[in-house]
Protein chains: 2
Amino acid sequence: MVERHEPTSREKILEVAEALFARSGFAGVGLRELADRSGLGKSSLFHHFRSKGHLYLEVLRTVLERIQERLAPVIRSQSGPAEKLPAWVEALIDALAEHPNSARLLLRALFEDDDFPEDLEPQAQEVEGIVMSILGTYQAIVQQGIDLEIFQPVSVTDATQTMIGATVYHFASGEIGEAVTGGPIFAAAAIQRRRREVVHFLIGGLTADPTH
Amino acid sequence: MVERHEPTSREKILEVAEALFARSGFAGVGLRELADRSGLGKSSLFHHFRSKGHLYLEVLRTVLERIQERLAPVIRSQSGPAEKLPAWVEALIDALAEHPNSARLLLRALFEDDDFPEDLEPQAQEVEGIVMSILGTYQAIVQQGIDLEIFQPVSVTDATQTMIGATVYHFASGEIGEAVTGGPIFAAAAIQRRRREVVHFLIGGLTADPTH
DNA sequence: GTCTATAGTGAGATAGAC
DNA sequence: GTCTATCTCACTATAGAC
């Protein structure tokens, strides 16, 4: 059972900030809009967060940790790569689908080389560390599958980049993604289909004979 | 032979703006930095472009048209889907690799639902139209392959989303991408390998028996 | 913990001389 | 076609009352 409670101001700010940063990126968000939508004055934000940068990195960390939690049981499981890889990908997709802001924020964390002031280098490196740690668990599964000759000897790093693109981009793709797919991205049926298709593609790529 | 000439101010601005918008997005770029790097005063920018938004959309259009030109001969060719699809993907990758800013700008155009003032709605819609037109040519190839029973009856729209992720994300992924792959992304050898791996994955996904 | 007031900076954009 | 000067506005952040 989930405990219900009125969100604290801090929680409310983080919730609103997550949506705004996902939509517009770090530079595209003004603290005025954030304050208004949080039901607070602009200055009150600084009681909860030292700066806009600190807030942004805290939002990123929260999103990444949510994803990590989803993946943890899969990583802990003792099954072989043939079962573990689909389970990993499906868990990631579920995590991205559960919270529509996650994919966009994750995508921004992945491809935007933000240059933060040095007083929050520690937070920035923590975020990058979580990203690399998550990706490391995927690479380990692919590598294990290759070692066991269950998968073809593909480039592990390219397989990882392809997996990121296939999962994260799709759920970040917004209006254009919906124009391409011809329907909502976050509807339950669409998520189900995407899970099937991505797993099919990735397994197909990992197992197809290179001499087609 | 390419004609060499000193770039006009307009060309110089577009060139600098392309790099800056790719790095920091629309909101993250200031006209002062753009002017300085172009060797002009801030006000001079407004002689060439009506507003920052007009400039941004012109940059996007230029990048997209460059990609379109690369794809045109492939689309015109009369070969079947089994040859045309790899050729299409390789042409896209070549286009993205040729100009390191292209992938990031294209990615931004794809997933950022920018909300521009209405006086440049026409330009925004033109950009979106080019994107959809490009994607349409890929979907047509996939659909044709399915109709000819060369490809498995996968979801065409999901195949398209996966292709975008596998191509565009990789070349947009910057520092983290280089950390994942363990080397430069735009080195000739890395590009070659990426071409091979992506084509292998996509063909694998399109031809693998769904009952693995 | 929230507010008003404001500092201090830089943004995008315009006017008009040259 | 480029410049200086300037306008107006929004921004992040701080000070200090309540």
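All heavy atoms count here, side chains included; hydrogens, waters and symmetry mates do not. The chains referred to below are lettered A, B, ... by the order of the sequence lines, with proteins before strands, and numbering in each begins at 1.
Ranking C:dC3, D:dA13, D:dA10 by closeness to the A:Phe46 side chain, first place goes to D:dA13. Considering only side-chain atoms of B:Ser51, the nucleotide from D:dC3, C:dC3, C:dA13 that sits closest is C:dA13. Side-chain proximity of A:Lys52 to D:dC3, D:dA13, C:dG12: nearest is D:dA13. Candidate nucleotides C:dA13, C:dG1, D:dT14 were compared by shortest atom distance to the side chain of B:Leu31, and C:dA13 ranks first. For A:Lys42, the side-chain atoms get nearest to D:dA13 when compared with the rest of C:dT2, C:dG10, D:dA13.
By the side chain to side chain donor-acceptor pair (under 3.5 Å) test, A:Glu178 pairs with no residue at all, sequence neighbours left out. Applying the side chain to side chain donor-acceptor pair (under 3.5 Å) rule to B:Asp94 yields the partners B:Arg195; only residues at least two apart in sequence or on another chain are considered.
Residue A:Ser9 has no polar side-chain atom (N or O) positioned under 4.0 Å from OP1 or OP2 of C:dG1. The shortest distance between the side-chain N/O atoms of A:His47 and the OP1/OP2 oxygens of C:dC3 is not below 4.0 Å.
At whole-Å resolution of the value, CG in B:Leu120 and C1' in C:dG12 are 14 Å apart. Following rounding to the nearest Å, B:Leu45 (CG) and C:dA13 (P) show an atom-to-atom distance of 10 Å. Nucleotide C:dC3 holds its C1' atom 12 Å from the NE2 atom of A:His48, rounded to whole Å. If you measure from atom CG of A:Leu55 to atom P of D:dA13, you get 10 Å, rounded to the nearest angstrom. Distance A:Lys12 NZ to C:dG1 P: 18 Å, rounded to the nearest Å. To the nearest angstrom, P of C:dT2 lies 15 Å from CG of A:Asp36. Summarising the geometry, the separation between CZ on B:Arg32 and P on C:dA13 is reported as 16 Å, rounded to the nearest angstrom. The separation between A:Glu33 atom CD and D:dT12 atom P is 11 Å, rounded to whole Å.
Ring geometry for A:Phe116 versus A:Phe26: interplanar angle over 60°, hence perpendicular rather than tilted (30 to 60°). Using the six-membered ring where Trp is involved, A:Tyr138 and A:Trp88 have ring planes that are tilted, between 30° and 60° apart.
A donor-acceptor contact under 3.5 Å is formed by the side chain of B:Ser43 with the base of D:dT4.
Distance check: B:Asp114 CG to A:Ser24 OG gives 8.5 Å after rounding to the nearest 0.5 Å.
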